[in-house]
Amino acid sequence: MISRFIEFFVNRHLLTNMLFVSVIIGGLFSWQEIKKEERPDITYDFVRVTASYPGATAEEVEHFVTRELEEELKSVDGIHRIYSSVSRGATTISIELEKDLANKNEVITELRNAALSTSLPAEVRDKPSVRVFKSSKKAIIDIALIHTKAHLLTNKQRQEIQRYATVLELQLTNLPEINSINRSGYLQEELQINVDPKQLVRYQIPLSQVIREIKNNHIRQPAGHIEVKDEPSVTINA
């Protein structure tokens, strides 16, 4: 059967050449009309939710944070599977969506709302972070700053290299070609308040009162956002 098919075209050179030219011309026209993109914007079927609980053990993070988030997230329709990883002071929940979801963006919005509305301990730093994996936001370049004069960095050395990293980040974000920048390995800023036990006894001030006064005088509340690229939020700290 195949030999007859080949023989048919071998004996008809004009028809074979016409078909060949037609395919070439059709391919050229199709190439001009088909949309082409080196890295098309694709939304994957994975959503990742992360939360930070500083100072808590892995068991405490699982009990007070991970379980609470999972209960809220499981109530959203369109989820195929949820699996979590817990470490000291942090948790990561990966959510696999059902295949071929027609309303994928709506499901992602519901997941984000569920994560942000979850009742978590007051010590949990900021709100849970919800990240949707898109090919357009995939890291293209990884940049690392290294202190060549030290092997184990002190806090002062880490602050020094972090200042350079912050300046570099500001310069990169001003470029129109940069969509976003993710940071890792940064030293978290903290304010330590050392209490003198002798002075507490002298003035008869309980430690709980000191803690209460610090909480009452530390104000943090949102103040809207700036209408520029990515709409960064504004927060008042006092």
Side-chain angles (χ1 to χ4, degrees), residues 44 46-70 83-95 115 118 120-175 177-200 207-208 210-211 213-215 217-220 230 232-238:
Y44 297 110
F46 286 92
V47 178
R48 179 171 295 173
V49 180
T50 57
S52 176
Y53 192 177
T57 63
E59 292 78 10
E60 292 172 336
V61 173
E62 180 179 7
H63 181 77
F64 293 106
V65 180
T66 307
R67 291 182 181 178
E68 297 295 331
L69 284 171
E70 286 181 342
Y83 46 96
S84 309
S85 62
V86 181
S87 61
R88 182 178 180 87
T91 182
T92 300
I93 302 176
S94 298
I95 306 165
T118 303
L120 299 175
E123 294 81 5
V124 173
R125 180 176 296 164
D126 298 326
K127 293 290 185 180
S129 172
V130 181
R131 180 184 179 189
V132 182
F133 288 89
K134 292 185 178 181
S135 58
S136 62
K137 295 184 178 180
K138 187 177 180 181
I140 304 299
I141 300 177
D142 292 328
I143 301 176
L145 299 183
I146 303 174
H147 201 300
T148 57
K149 297 183 179 180
H151 179 62
L152 296 176
L153 301 181
T154 62
N155 286 344
K156 184 177 180 180
Q157 290 172 330
R158 291 189 63 180
Q159 291 173 352
E160 178 185 2
I161 198 172
Q162 187 165 312
R163 283 196 297 269
Y164 288 108
T166 302
V167 173
L168 176 61
E169 179 183 353
L170 292 175
Q171 293 177 348
L172 292 175
T173 52
N174 288 329
L175 297 176
E177 298 83 2
I178 302 298
N179 179 273
S180 62
I181 295 177
N182 296 326
R183 303 180 300 179
S184 63
Y186 272 52
L187 181 66
Q188 296 292 340
E189 296 183 359
E190 63 179 22
L191 176 64
Q192 294 184 353
I193 301 177
N194 299 318
V195 181
D196 189 348
K198 295 182 180 180
Q199 296 297 327
L200 292 179
L207 183 60
S208 58
V210 177
I211 297 174
E213 290 297 327
I214 293 174
K215 291 182 177 180
N217 289 278
H218 176 69
I219 302 173
R220 179 174 181 173
D230 297 331
S233 59
V234 179
T235 303
I236 297 177
N237 288 280

Point to revise | Heavy-atom pair with the smallest gap, counting every atom of Ser52 and Val124 | key: O-CG1, 3.2 Å

Practice item. Over all heavy atoms of both residues, which pair between Ser87 and Val61 is shortest? Give the atoms and the distance, please. Key: O-CG2, 3.9 Å

Check your understanding: Heavy-atom distance under 4.5 Å between the side chains of Thr57 and Arg88, does that happen here?
Key -> yes

Practice item. Report yes if some heavy atom in the side chain of Thr92 is under 4.5 Å from a heavy atom in the side chain of Arg48; otherwise report no. Key: yes

Review point. Side chains of Thr66 and Ser84: do they bring a donor and an acceptor to under 3.5 Å?
Key: no

Revision key, fill the gap. Here the gap from Glu68 atom CD to Glu70 atom CD, rounded to the nearest 0.5 Å, amounts to 10.0 Å

Point to revise | Thr50 side chain near Arg131 side chain, heavy-atom distance below 4.5 Å | key: no

Review point. Looking only at heavy atoms, what is the nearest atom pair of Leu153 and Gln157, with distance?
Key: CA-OE1, 3.3 Å

Revision key, fill the gap. Ala58 and Val86 have their tightest heavy-atom pair at O-CG1, 3.3 Å

**Study point:** Non-hydrogen atoms of Tyr53 and Pro121 that approach each other most closely
**Key:** OH-CB, 3.8 Å

Point to revise | Atom pair CZ (Arg163) and CG (Leu168), whose distance is rounded to the nearest 0.5 Å | key: 15.0 Å

Point to revise | Test item: Pro128 and Leu69 side chains (from C-beta on) under 4.5 Å apart, heavy atoms | key: yes

Check your understanding: What's the spacing between Tyr83 OH and Ile93 CD1 if we round to 0.5 Å?
Key -> 12.0 Å

Point to revise | Nearest heavy atoms of Leu145 and Ile161, plus distance in Å | key: O-CD1, 3.3 Å

